[in-house]
Participant: 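I have a structure here, written as structure tokens, and I will follow up with some questions on it.
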Amino acid sequence: MKNIVLMASGSGSNAENIIDYLKNTNINCNFHIITNKKDAFVLERAKKMGVSAEIITKKENEEGVLRQRMLEINPDLIVLAGYLLLFPSEIIQDFPDKIINIHPALLPKYGGKGMYGNFVHEAVVANKETETGITIHFVSEKYDEGAIIFQAKTPVLENDTPAEVAQKVHQLEYEHFPKVIVGLLSEEN
Ligand code: GRF
């Protein structure tokens, strides 16, 4: 049994997509969702899917609550899927190479503090980039700087709006993120 923790701050469409995908593989998984926002839509998705979920706020992260929970759960993989807080460094040390994040751009471009969600796609369009994409990477103590596991690209057309770019990027996320996770889980003993 693989213990998978999915962390999301908002909608959680990636978290749902990953859970749906993994349920249809032969990997036996136990899922748990953690969000830092009490009104995050990911909580509705968890309810609908019958997956356990809990809220751990930024303040509680700082008080060590998230770390305590991780030590109890002892996850095989922690997946940050739209989780907007800086991940506590003690947990990174507790679970080396077991924490991954998805970033909606081709890192090292458009990464770092403040570069999340639509801000990323707005910057890509404003800079007239001809391509963008996704980056799945290990989590390190700095935003968006851990070792890259996987990238995929999509073209940005001249008249694309940030919303259109976001949609293309989401499609890439839905297609590849679950597969990368299966690959990582299969590598483990
Ligand atoms: C995704 O685009 C992800 O890359 C990011 O935030 C977004 C989350 O979307 N960093 P959702 O909550 O999975 O719908």
Side-chain angles (χ1 to χ4, degrees), residues 4-23 29 31-49 51 53-58 61 77-88 92 99-126 129 131-156 160-182 184:
I4 319 266
V5 173
L6 295 129
M7 315 263 323
S9 299
S11 164
S13 67
N14 275 285
E16 180 171 356
N17 178 56
I18 291 163
I19 292 169
D20 278 347
Y21 187 95
L22 283 171
K23 277 183 179 165
C29 295
F31 301 104
H32 185 62
I33 291 177
I34 298 179
T35 183
N36 58 305
K37 295 272 181 204
K38 65 176 189 313
D39 55 355
F41 189 68
V42 70
L43 293 168
E44 300 299 318
R45 294 185 195 267
K47 212 180 286 169
K48 187 185 80 185
M49 291 186 289
V51 167
E54 73 187 296
I55 304 156
I56 301 180
T57 62
K58 183 167 188 253
N61 279 7
L77 195 64
I78 301 169
V79 179
L80 311 193
Y83 185 68
L84 298 181
L85 300 182
L86 188 63
F87 205 70
I92 298 171
I99 311 170
I100 63 170
N101 179 46
I102 190 158
H103 187 76
L106 295 170
L107 292 174
K109 281 182 153 186
Y110 304 104
K113 200 165 164 47
M115 271 292 161
Y116 61 89
N118 258 346
F119 295 116
V120 174
H121 309 306
E122 279 162 13
V124 163
V125 169
E129 296 285 355
E131 61 179 18
T132 186
I134 58 167
T135 304
I136 298 166
H137 64 93
F138 287 107
V139 172
S140 71
E141 287 166 41
K142 288 194 183 150
Y143 274 110
D144 303 327
E145 286 188 17
I148 292 175
I149 303 165
F150 176 88
Q151 291 187 303
K153 293 177 180 174
T154 184
V156 179
D160 276 354
T161 62
E164 284 163 337
V165 173
Q167 211 188 350
K168 291 181 189 180
V169 167
H170 256 117
Q171 286 316 312
L172 287 181
E173 294 181 336
Y174 299 150
E175 183 185 348
H176 296 288
F177 204 7
K179 292 181 186 157
V180 169
I181 290 171
V182 167
L184 290 170

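Note that this is a predicted model, so its numbers are computed, not measured. Start at 1 and go down the list; that is how both ligands and their atoms are numbered.
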Participant: Does a side chain donor of either Arg45 or Ser13 reach within less than 3.5 Å of an acceptor in the other side chain?
Facilitator: no

Participant: Under a plain distance cut-off of 3.5 Å, with no hydrogens placed, do His32 and Glu54 share a side-chain donor-acceptor pair?
Facilitator: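 There is such a pair (donor and acceptor under 3.5 Å, judged by atom type) between the side chains of Glu54 and His32.
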
Participant: For Ala81 and Ala15, work out which heavy atoms get closest and say how close.
Facilitator: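 Shortest heavy-atom separation between Ala81 and Ala15 comes out as CB-N, 4.4 Å.
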
Participant: How far apart are the closest heavy atoms of Ala105 and Val120, and which atoms are they?
Facilitator: CB-CG1, 3.6 Å

Participant: For ligand 1, what are the residues with a heavy-atom contact below 4.0 Å?
Facilitator: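 Under the 4.0 Å cut-off, ligand 1 touches Ser11, Gly12, Ser13, Asn14, Gly82, Ile102, Pro104, His170, Glu173.
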
Participant: Check whether any side-chain heavy atom of Phe138 sits under 4.5 Å from a side-chain heavy atom of Ile99, and report yes or no.
Facilitator: no

Participant: Find out whether Asn101 and Phe87 are in side-chain contact, i.e. whether some heavy atom of one side chain is under 4.5 Å from a heavy atom of the other.
Facilitator: no

